[in-house]
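First the structure, in the form of structure tokens, and then the observations on it.
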Amino acid sequence: MNAALLSRAWSDRTPTGRALDCADHIAVHAEHCLRREVETWPKPGLVSHVDSGSHRDMDVHTFRRSARALRPYFAELARAGALGAPMAALRKIGVRAEAAMMSATGGVNTHRGAIFGVGLLCAAAGARDVPGEALGVVVTNRWGADIGAGPRPADSHGVAAAHRYGAGGARAEAASGFPSVYEIGLPALREAERMAAGDEEAMRVQACFALIAVVQDTNLLHRGGAEGLRFAQETARRFMRQGGIANPHWREAARAAHAAFVARNLSPGGSADLLAMSLFVHGMP
């Protein structure tokens with residue numbers, strides 16, 4: 001789903017009416033962004049269409065099934081946003097989306113973070129009154145005060161790592177309007193668009209490394225502790241200092257980083273979710 005099609009769907013009707021009409025388009029776009037994230041390689045330690053990275057319980061097919069299962073819930077979240085639903089109602093949709101994900105993957109958590117982050121952006125896309133209004137601002141204004149109030153999953157490694165290491169985590173990111181998306185991921189995509197000469201996969205690799213270099217990724221903290229996070233960030237920063245995808249040998253450098261992450265069992269899942277969110281925002285009118 002591209003911005004032009006979404007723009008055509010965004011007709012001259014009332015804000016609520018046009019958002020309801022656009023809900024299915026928004027959901028298709030969200031699924032497409034999840035697919036584009038997993039169809040990106042080399043991404044350090046992450047699952048892709050080439051290999052499973054640092055994961056033994058999932059592969060690209062697991063992610064594809066999950067993305068497909070989530071599409072109707074993304075549409076439901078967009079409609080809920082259009083109708084002014086509170087955070088408690090969005091959370092109930094998210095719980096059902098997570099159950100659908102688990103059913104589609106045989107109990108593997110592929111997209112819990114994306115259900116939360118991309119799901120909120122879908123709701124914001126439905127809720128916003130003016131095309132082009134920053135979705136992160138909509139999330140903060142409408143639901144920011146309530147995002148942190150819900151129950152925290154007992155089996156969430158990210159929540160546990162955020163608590164142990166004092167990292168903000170996904171809830172703080174969302175309540176603040178997704179600064180990692182708007183200040184890191186989205187600018188990296190736009191810069192890479194000028195550098196990549198039409199190579200969309202290269203754009204996504206650039207944005208992924210840019211996010212890993214900065215984000216306090218709680219998945220990295222869970223797998224490698226503070227030292228694992230430092231290693232991951234420094235590896236990504238070195239890739240960026242060497243020119244990123246402007247370096248003629250960037251693919252070799254990215255593959256080496258991927259191998260180093262796999263050797264240390266590191267996987268920046270939070271950055272992968274933020275990449276999908278950045279792609280979502282980048283493709284919205």
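Everything numeric here is computed off the predicted structure, so don't read it as measured data. The first residue in the sequence is number 1, and the count goes up from there.
- Residues E234 and R230 fail the side-chain proximity criterion, which asks for heavy atoms closer than 4.5 Å.
- Across all non-hydrogen atoms, the minimal contact from M58 to N109 is CE-O, 3.7 Å.
- When atom types are taken as modelled, the side chain of R142 and the backbone of A127 share a donor-acceptor pair closer than 3.5 angstrom.
- Every residue meeting the side-chain contact (heavy atoms from CB on, under 4.5 Å) condition with E252, not counting sequence neighbours, appears here in chain and number order: H249, R255.
- Although no hydrogens or angles enter the test, the distance criterion places a donor-acceptor pair under 3.5 Å between the side chain of R128 and the main chain of E133.
- Between Y73 and I115, the closest side-chain pair of non-hydrogen atoms is not below 4.5 Å.
- Applying the side-chain contact (heavy atoms from CB on, under 4.5 Å) test between P268 and each of L275, L46, N219 identifies L46 as the sole match.
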Discussion item. Is there a side chain to side chain contact (heavy atoms under 4.5 Å, CB included) between V139 and I147? Walk through the geometry before answering.
Written reply: CA-CA 9 Å; V139 170; I147 282 174; 3.8 Å; yes
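- In terms of heavy atoms, H55 sits closest to G45 at CD2-O, 3.8 Å.
- Without hydrogens or angle criteria, E193 side chain to M203 main chain gives no donor-acceptor distance under 3.5 Å.
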If you look only at distance, which donor and acceptor atoms sit under 3.5 Å apart when one is on a side chain in residues 204-213 and the other is two or more places apart or in another chain?
unit_1, atom_1, unit_2, atom_2, d
R204, NE, R36, O, 3.1
R204, NE, T40, OG1, 2.6
R204, NH2, E39, O, 3.2
Q206, OE1, I245, N, 2.9

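- For the pair D59 (side chain) and S52 (backbone), a donor-acceptor distance under 3.5 Å is absent.
- T218 approaches G169 most closely through the heavy-atom pair CG2-CA, 4.1 Å.
- Taking the ring axis of F231 as reference, the NZ or CZ atom of R264 stays within 45° of it and closer than 6.0 Å to the ring centre.
- Taking NE2 of H111 as the reference point, atom OG of S66 lies at 4.5 Å (rounded to 0.5 Å).
- Using a 4.5 Å heavy-atom threshold, the side chains of L120 and F178 count as touching.
- Screening R241, Q242, M240 for a side-chain contact (heavy atoms from CB on, under 4.5 Å) with N247, the sole residue that qualifies is Q242.
- In terms of heavy-atom proximity, G244 sits nearest to W250 at O-CB, 3.2 Å.
- Inter-residue side-chain proximity for R79 and D24 is flagged as met; some heavy-atom pair is nearer than 4.5 Å.
- A distance-only check finds a donor-acceptor pair linking the side chain of D217 to the backbone of G270 [under 3.5 Å].
- The pair E31-R35 counts as a salt bridge, with a side-chain nitrogen and a carboxylate oxygen less than 4.0 angstrom apart.
- Atom CD of E37 sits about 10.0 Å away from atom OG of S271, to the nearest 0.5 Å.
- Nearest heavy-atom pair across G113 and D273 is CA-OD2, 3.3 Å.
- A donor-acceptor contact shorter than 3.5 Å links the side chain of T140 to the backbone of A175.
- L279 has its side chain out of reach of H32: every pair of non-hydrogen atoms, C-beta onward, lies at least 4.5 Å apart.
- Using a distance-only test at 3.5 Å, with no hydrogens or angles considered, no donor-acceptor pair links the side chain of K92 to the main chain of R96.
- More than 12 heavy atoms of other shown residues, nucleotides or ligands fall within 6.0 angstrom of atom CD in E201.
- Although no hydrogens or angles enter the test, the distance criterion places a donor-acceptor pair under 3.5 Å between the side chain of H258 and the main chain of K43.
- Under the 3.5 Å distance criterion, the side-chain polar atoms of Y182 are matched with a main-chain donor or acceptor of L135.
- In this structure, the side chains of F63 and V47 come closer than 4.5 Å at one or more pairs of heavy atoms.
- The closest side-chain heavy-atom distance from L34 to F74 is below 4.5 Å.
- Rounded to the nearest 0.5 Å, atoms CG (D57) and OG1 (T105) are 9.0 Å apart.
- Side chains of S54 and S267: a donor-acceptor N/O pair is absent below 3.5 angstrom, by distance only.
- Minimum interatomic distance between M195 and G243 (heavy atoms only, all atoms of both residues): CE-O, 3.9 Å.
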Worksheet item: What do the steps show when you test H49 against V38 for side chain to side chain contact (heavy atoms under 4.5 Å, CB included), and what is the final call?
Response: CA-CA 7 Å; H49 57 293; V38 78; over 6 Å; no
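- Taking the side chain as every heavy atom from C-beta outward, L266 and L229 never approach each other to under 4.5 Å.
- Placement of W143 and I93 within a single hydrophobic cluster is found when ILVMFWY residues are connected by side-chain heavy-atom separations under 4.5 Å, directly or transitively.
- The CG atom of L189 sits 5.5 Å away from the NE2 atom of H282 when rounded to the nearest 0.5 Å.
- Linking Ile, Leu, Val, Met, Phe, Trp and Tyr residues whenever their side-chain heavy atoms come within less than 4.5 Å leaves F239 and V215 in two separate clusters.
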Discussion item. Test salt bridge (Lys or Arg N to Asp or Glu O under 4.0 Å) on D199 and R194; report intermediate values, then the result.
Written reply: CA-CA 10 Å; D199 186 341; R194 297 190 294 270; over 6 Å; no
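- Looking at S103, its side chain never comes within 3.5 Å of a backbone N or O of A99 through a donor-acceptor pair.
- Linking Ile, Leu, Val, Met, Phe, Trp and Tyr whenever their side-chain heavy atoms come within less than 4.5 Å puts V214 and L186 in one cluster.
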